[in-house]
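Worksheet for the structure shown next.
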Amino acid sequence: MADRDLSLGDDLRAFVDASPSPSHAAAEIARRLREGGFRELYETAVWDLSPGDKVFTVRGASVVAVRVGSDPVSQAGLRIIGAHTDSPTFRVRPRFEMRQAGYRLVGVEPYGGGLWHTWLDRELTVAGRLALRGGTTTLVKLPGAPLRLPSLAIHLDRSVREGLSLDPQRHLQPVWGSELSTEPGLLEALATEAGVSAADVVGHDLVLADTQPAARTGADGTWIAAPRLDDLACCHSGLLALLRVSAETPSGVSAETRHTQVLVCNDHEEVGSGSASGARGSFLEDVISRLAGAEPQAFARTIAASKLVSADMAHAVHPTRSERHEPFHQPVLGGGPVLKLNANQAYATDAVSGGWFTERCREAGVPVQHFVSRADLPCGSTIGPLTATRLGLSTVDVGAPQLAMHSVRELASAADVPHMVAAFSSCLLND
């Protein structure tokens with residue numbers, strides 16, 4: 001693969017590095033939308049939209065972006081790409097100052113279903129948002145690598161050779177420093193970095209983040225090693241697709257579509273989506289209600305005419321554990337989008353929605369792979385079934401293939417980024 005073909009993979013690496021927390025991810029999506037000509041709307045305001053308008057709104061660490069089509073949404077429907085901004089990590093507790101065995105630690109609790117052993121012995125920091133007096137918030141990320149989760153030496157626990165067992169309450173509390181240190185505590189460090197007084201901080205949404213930048217890897221440099229690829233990679237591809245189809249050409253005309261195009265990036269997918277900004281909440285529904293208007297039955301007609309592509313990363317076949325995969329459904333890195341199906345509806349794909357996505361990929365010249373779980377293994381899920389259940393949207397679950405899902409350091413292919421962007425662009429533009 002030539003270097004020029006890796007450009008979107010390099011941009012994905014930059015996107016991930018700019019997004020150490022869900023709040024940062026939402027801010028980076030918003031920044032790129034503004035650069036692409038989208039204007040921010042606030043939920044407290046009255047929205048008055050016209051064909052061609054490009055807008056977005058933010059709720060917590062979730063974003064919905066809209067490019068209004070030429071036809072009323074109750075007639076043409078919506079073409080929606082959905083992803084999520086959060087990833088498995090550790091969330092900082094409200095009272096996080098801990099002192100133990102001569103050390104200062106930071107109290108955290110696991111968020112989502114992470115491979116927690118992969119977080120050991122890595123250089124970590126804290127990132128997220130601070131709530132300040134007066135109702136404002138500010139983003140913050142501590143410089144350097146002030147935190148670490150050190151392993152226990154094998155000499156002190158030789159049973160680790162038979163398997164590592166980690167108690168998150170006792171074993172997964174990161175070290176900040178020595179009790180002998182004169183360095184300020186976490187709150188003071190966060191306030192200093194944010195340029196505010198520690199007394200002005202009244203709350204926080206903070207997570208741990210790996211400080212190693214995303215990197216090219218693999219024998220030919222076409223793979224991407226990075227944290228949080230699940231699901232920032234799909235947020236990134238969906239965002240690039242929306243920006244691509246809504247961008248003006250040199251003639252000053254953007255690609256015409258009668259459909260209104262939507263990107264929704266929800267928070268809290270990794271913990272069940274049960275929040276005001278999660279897929280179980282009303283965020284997307286509230287935006288669709290505004291787009292549909294007050295005409296009788298307009299909302300129901302809009303939903304009936306719409307399609308949702310639920311985009312979440314997919315399991316590539318593992319090089320040394322292929323027996324854990326269904327033998328005839330084994331996606332590979334670089335092989336293109338993965339259509340995800342599950343007989344028990346852990347994924348929302350059905351014959352119609354899956355066929356529609358396959359046609360869009362064929363039109364875009366993009367290959368399609370398939371994933372189902374082994375019949376004797378449980379299956380993960382996505383925002384797809386949750387959104388489909390809440391709204392009744394025709395939904396297809398897809399994703400880019402990756403290895404090491406939910407590790408602190410995941411692996412994907414730069415070759416799949418243009419595949420995903422092309423597939424999503426086709427979904428946004430076509431019936």
Side-chain angles (χ1 to χ4, degrees), residues 1 5-6 9 12-13 16 83 87-88 112-120 160-166 210 214-234 237 269-270 310-349 354 357-358 361 366-382 384-385 396-420 423:
M1 180 180 290
D5 297 323
L6 295 176
L12 171 57
R13 293 193 297 114
V16 170
S87 303
L115 294 173
W116 303 128
H117 66 278
T118 65
W119 287 74
L120 299 178
V160 72
R161 290 171 173 166
E162 281 71 55
L164 176 64
S165 179
L166 295 171
D210 186 13
R216 288 191 188 188
T217 188
D220 60 358
T222 63
W223 290 351
I224 299 171
R228 304 179 296 278
L229 289 174
D230 175 22
D231 189 32
L232 292 183
C234 288
S237 293
E269 189 275 344
E270 297 293 356
S310 167
D312 206 345
M313 299 298 278
H315 299 294
V317 63
H318 194 278
T320 63
R321 302 293 299 277
S322 61
E323 76 280 358
R324 304 295 289 180
H325 297 258
E326 208 291 313
F328 299 101
H329 300 81
Q330 299 195 351
V332 296
L333 297 180
V338 179
L339 190 61
K340 302 194 286 188
L341 302 97
N342 179 257
N344 295 308
Q345 297 302 297
Y347 303 130
T349 306
F357 181 79
T358 301
C361 289
V366 172
V368 177
Q369 307 186 86
H370 295 80
F371 174 82
V372 298
S373 292
R374 286 176 55 104
D376 54 353
L377 292 177
C379 181
S381 192
T382 71
V396 57
D397 267 297
V398 306
Q402 75 164 98
L403 292 169
M405 187 178 290
H406 287 196
S407 169
V408 74
R409 194 93 177 154
E410 299 171 323
L411 188 67
S413 172
D416 285 314
V417 183
H419 285 327
M420 295 293 287

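Keep in mind it's a predicted model, so treat the numbers as computed, not measured. Values below: all heavy atoms of this structure, side chains included; hydrogens, waters and symmetry mates excluded.
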Ignoring hydrogens, what is the shortest heavy-atom contact between [X] and [Y]? Give both atom names and the distance.
{"X": "Trp119", "Y": "Pro88", "value": "CZ2-O, 3.7 Å"}
{"X": "Gly218", "Y": "Trp223", "value": "CA-CE3, 4.0 Å"}
{"X": "Pro367", "Y": "Gly335", "value": "CG-O, 3.5 Å"}
{"X": "Met313", "Y": "Ala412", "value": "CE-CB, 4.4 Å"}
{"X": "Met420", "Y": "Ser237", "value": "CB-OG, 3.5 Å"}
{"X": "Gln369", "Y": "Gly336", "value": "NE2-O, 3.0 Å"}

The side chain to side chain donor-acceptor pair (under 3.5 Å) partners of His370 (sequence neighbours excluded) come to none

query = Any luck finding a side-chain donor-acceptor pair between Ser310 and Asp397 under 3.5 Å?
reply = yes

**Prompt:** Tell me, do Pro401 and Val332 make a side-chain contact under 4.5 Å, heavy atoms counted?
**Reply:**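 With C-beta onward as the side chain, the pair stays apart.
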
Item to check | Side-chain heavy atoms of Val368 within contact of Val398, under 4.5 Å | outcome: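 No. Closest side-chain heavy atoms not under 4.5 Å.
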
Q.
Test side-chain contact (heavy atoms from CB on, under 4.5 Å) on Leu164 and Leu120; report intermediate values, then the result.
A. CA-CA 12 Å; Leu164 176 64; Leu120 299 178; 4.0 Å; yes

(request) Tell me, with the steps shown, if Glu270 and Asp230 meet side-chain contact (heavy atoms from CB on, under 4.5 Å). (result) CA-CA 10 Å; Glu270 297 293 356; Asp230 175 22; 3.4 Å; yes

- Under the side-chain contact (heavy atoms from CB on, under 4.5 Å) criterion, do Val408 and Leu115 qualify, and how do the steps go? CA-CA 7 Å; Val408 74; Leu115 294 173; over 6 Å; no

With rounding to the nearest 0.5 angstrom, report the [atom1] to [atom2] distance, [X] to [Y].
{"X": "Gln402", "Y": "Cys234", "atom1": "CD", "atom2": "SG", "result": "8.5 Å"}
{"X": "Ser373", "Y": "His325", "atom1": "OG", "atom2": "NE2", "result": "9.5 Å"}
{"X": "Leu339", "Y": "Phe371", "atom1": "CG", "atom2": "CZ", "result": "12.0 Å"}
{"X": "Thr222", "Y": "Leu333", "atom1": "OG1", "atom2": "CG", "result": "8.5 Å"}
{"X": "Gln345", "Y": "Cys379", "atom1": "CD", "atom2": "SG", "result": "10.5 Å"}

task = Can you tell me which residue pairs pass the salt bridge (Lys or Arg N to Asp or Glu O under 4.0 Å) test with a partner in residues 313-341, sequence neighbours excluded?
result =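 Sorted result for residues 313-341: Arg321-Glu323.
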
- Item | Arg13 side-chain N/O to Ala214 backbone N/O, donor-acceptor pair under 3.5 Å |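 Checking the backbone N and O of Ala214 against the side chain of Arg13, a donor-acceptor pair under 3.5 Å is found.
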
ask   = Is there a donor-acceptor contact under 3.5 Å from the side chain of Thr349 to the main chain of Val396?
value =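 Pair absent, no side-chain N/O of Thr349 close to backbone of Val396.
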
Does the pair Thr118 and Arg409 meet the rule for a side-chain contact (heavy atoms from CB on, under 4.5 Å), with working shown?
CA-CA 8 Å; Thr118 65; Arg409 194 93 177 154; over 6 Å; no

